[in-house]
Amino acid sequence: MSCTVNRFFPSISTLLWALLVILVITLDFTDAQTGVCYGRQGDNLPSPAEVVALCNQNNIRRMRIYDPDQATLRALAGSNIELTLGVPNPDLQSIAASQSNADTWIQNNVRNHPNVRFRYIAVGNEVSPLRGDTSRYVNFVLPALRNIRTAVSAAGLGNQIRVSTAIETGVLGTSFPPADGAFRSEVNSYLRPITDFLVSTGAPLLVNVYPYFSYIGNKAQIDLQYALFNSDGIVVAGGIRYQNLFYAILDAMYAALEKSGAASLEIVVSESGWPSAGGDTTTVDFARTYNTNLVRRVRDGTPKRPGRAIETYIFGLFDENQKSPEFEKNFGLFFANRQPKYPITF
């Protein structure tokens, strides 16, 4: 009888070990909320295989890339790094034009890489009627989203891969106080069908959030330490305390979504960072302070979404010496030789 009991009822030590394993897995998931953006606009960057090894060495479990670079996709195979794959803006017209084109894109860049852990497909980046460099793509985003989503579902991957698009916070007309957040009237007719689509498919909205640009654009009204997560914060109407500018921007975006009938939509912060040189208020210390605090703060949630970790991607992995203006070259966590610019823990 005692043998039978021992066989079917685990010992206390076994139970404690199982609980420890569960705790470790949970902690690892929390730590892994922050990923990195891997841009490649540099002529001195390490190989994709070296990049994947670097990410593994630094416990970076999520990555965003901006185009389906085949060498990068091959390097990611079997790495267990979750990937956000970008559909470049110039590809949107072709993909929007026919389902066949979208099917081919998914076949070449997703189905042909079965050992890559695709998490999201970002259909376009910062396309907006307000931007001279991307406004020509506005009419292609929604049909491209639909066609890519259909292709993903047809491949049997609809429950694994979410299809979305990345926008920037310049679409906000009102951002303070955060509860008054609202989209600019010029973008409503563009964004509303997209957010309706995302709600219907259960995908999040990807948003590039940069307190750096908000700060340098309004230094008279925004305290630097508030932008760097280092202040006691400010109190807004209703007695709500905002400890940092990142939370305030994010909650303004949530408020704008609520006013647009998309209250259930989740936001993934698809880019955020601070340049270390080349511009106004750019030093290695400011970049280190911002990014290390960002990793810590996204675990907590905002006042509007308390206790809910914010999936966030730091921009970027490396300095990119072919970008301009000068400060755009200096967002990297690592130098091109793979040495860290400053200590940071994921």
Checklist entry - Does D232 have any salt bridge (Lys or Arg N to Asp or Glu O under 4.0 Å) partners at least two apart in sequence or in another chain, and if so, which? => result none

Checklist entry - What about the rings of F315 and F331, do their centers lie closer together than 6.0 Å? => result yes

Next on the checklist: Between T302 and D251, does the side chain to side chain donor-acceptor pair (under 3.5 Å) criterion hold? Intermediate values first, please.
Outcome noted: CA-CA 7 Å; T302 70; D251 274 359; 2.5 Å; yes

Item to check | side chain to side chain donor-acceptor pair (under 3.5 Å) assessment of N208 paired with N125 | outcome: CA-CA 9 Å; N208 300 340; N125 184 53; 3.2 Å; yes

Checklist entry - How far does CG of L206 sit from CD1 of I167, to the nearest 0.5 angstrom? => result 9.0 Å

Next on the checklist: Working to the nearest 0.5 angstrom, can you tell me the gap between I95 CD1 and F140 CZ?
Outcome noted: 12.0 Å

Next on the checklist: Between N244 (side chain only) and F246 (backbone N and O only), is there a donor and an acceptor less than 3.5 Å apart?
Outcome noted: yes

Checklist entry - Donor-acceptor pair, S231 side chain versus G233 backbone, under 3.5 Å? => result yes

Checklist entry - side chain to side chain donor-acceptor pair (under 3.5 Å): which pairs involve residues 160-189, sequence neighbours left out? => result none

Next on the checklist: Can you classify the ring geometry of F318 versus Y38 as parallel (below 30°), tilted (30 to 60°) or perpendicular (above 60°)?
Outcome noted: perpendicular

Taking distance alone, no hydrogens or angles, what donor-acceptor pairs closer than 3.5 Å link side-chain atoms of residues 210-218 to residues at least two apart or in another chain?
from, atom 1, to, atom 2, distance (Å)
Y210, OH, E271, OE1, 2.6
Y212, OH, D280, O, 2.7

Checklist entry - Are V284 and F335 connected in the hydrophobic side-chain network, where two residues link if heavy atoms are under 4.5 Å apart? => result no

Checklist entry - Any chain of hydrophobic side-chain contacts (each under 4.5 Å) joining F197 to F183? => result yes

Item to check | Test side chain to side chain donor-acceptor pair (under 3.5 Å) applied to E311 and Y120, step by step | outcome: CA-CA 12 Å; E311 186 176 343; Y120 305 117; 2.8 Å; yes

Item to check | R305 to Y254, cation-pi by 6.0 Å centre distance and 45° axis angle | outcome: yes

Item to check | CD on E320 to CG on N44, rounded to 0.5 Å | outcome: 10.0 Å

Item to check | Exercise: identify the closest heavy-atom pair between L198 and P204 | outcome: CD1-O, 3.8 Å

Checklist outcome for this item: Shortest non-hydrogen pair, A151 vs D103, comes out as CB-OD1, 3.2 Å

Checklist entry - Would you say the side-chain atoms of Y247 pair up with the backbone N or O of R297, donor to acceptor, closer than 3.5 Å? => result yes

Checklist entry - Looking only at atom types and distance, does a side-chain atom of T312 sit under 3.5 Å from a main-chain N or O of I310, one as donor and one as acceptor? => result yes

Next on the checklist: What's the separation between atom CD in Q107 and atom CH2 in W105, rounded to the nearest 0.5 Å?
Outcome noted: 12.5 Å

Item to check | Hydrophobic cluster identity match, V235 and L250, side-chain contacts under 4.5 Å | outcome: no

Checklist entry - Do the side chains of I81 and V36 join up, straight or via other hydrophobic residues, at under 4.5 Å, putting them in one cluster? => result yes

Checklist entry - Considering residues at least two apart in sequence or located in another chain, which fulfil the salt bridge (Lys or Arg N to Asp or Glu O under 4.0 Å) criterion with R40? => result D67, D69

Checklist entry - What pairs with N115 under side chain to side chain contact (heavy atoms under 4.5 Å, CB included), at least two apart in sequence or on another chain? => result A77

Item to check | Contact list for residues 132-156, test side chain to side chain donor-acceptor pair (under 3.5 Å), sequence neighbours left out | outcome: R131-D133

Checklist outcome for this item: Looking only at heavy atoms, the pair that brings L83 and L73 closest together is CD2-CD2, 3.6 Å

Next on the checklist: Quick check: closest heavy atoms across N293 and L228, and the distance to 0.1 Å?
Outcome noted: ND2-O, 3.0 Å

Item to check | Nearest heavy atoms of Y313 and R119, plus distance in Å | outcome: OH-CD, 3.9 Å

Checklist entry - Which pair of non-hydrogen atoms, one from V199 and one from A262, has the smallest distance, and what is that distance? => result CG2-CB, 4.0 Å

Checklist entry - Counting N and O atoms only, with roles assigned by atom type, does the side chain of R192 sit under 3.5 Å from a partner on the main chain of S260, one being a donor and the other an acceptor? => result yes

Checklist entry - Between atom CD1 of I65 and atom CG of L76, what is the distance when rounded to the nearest 0.5 Å? => result 6.5 Å

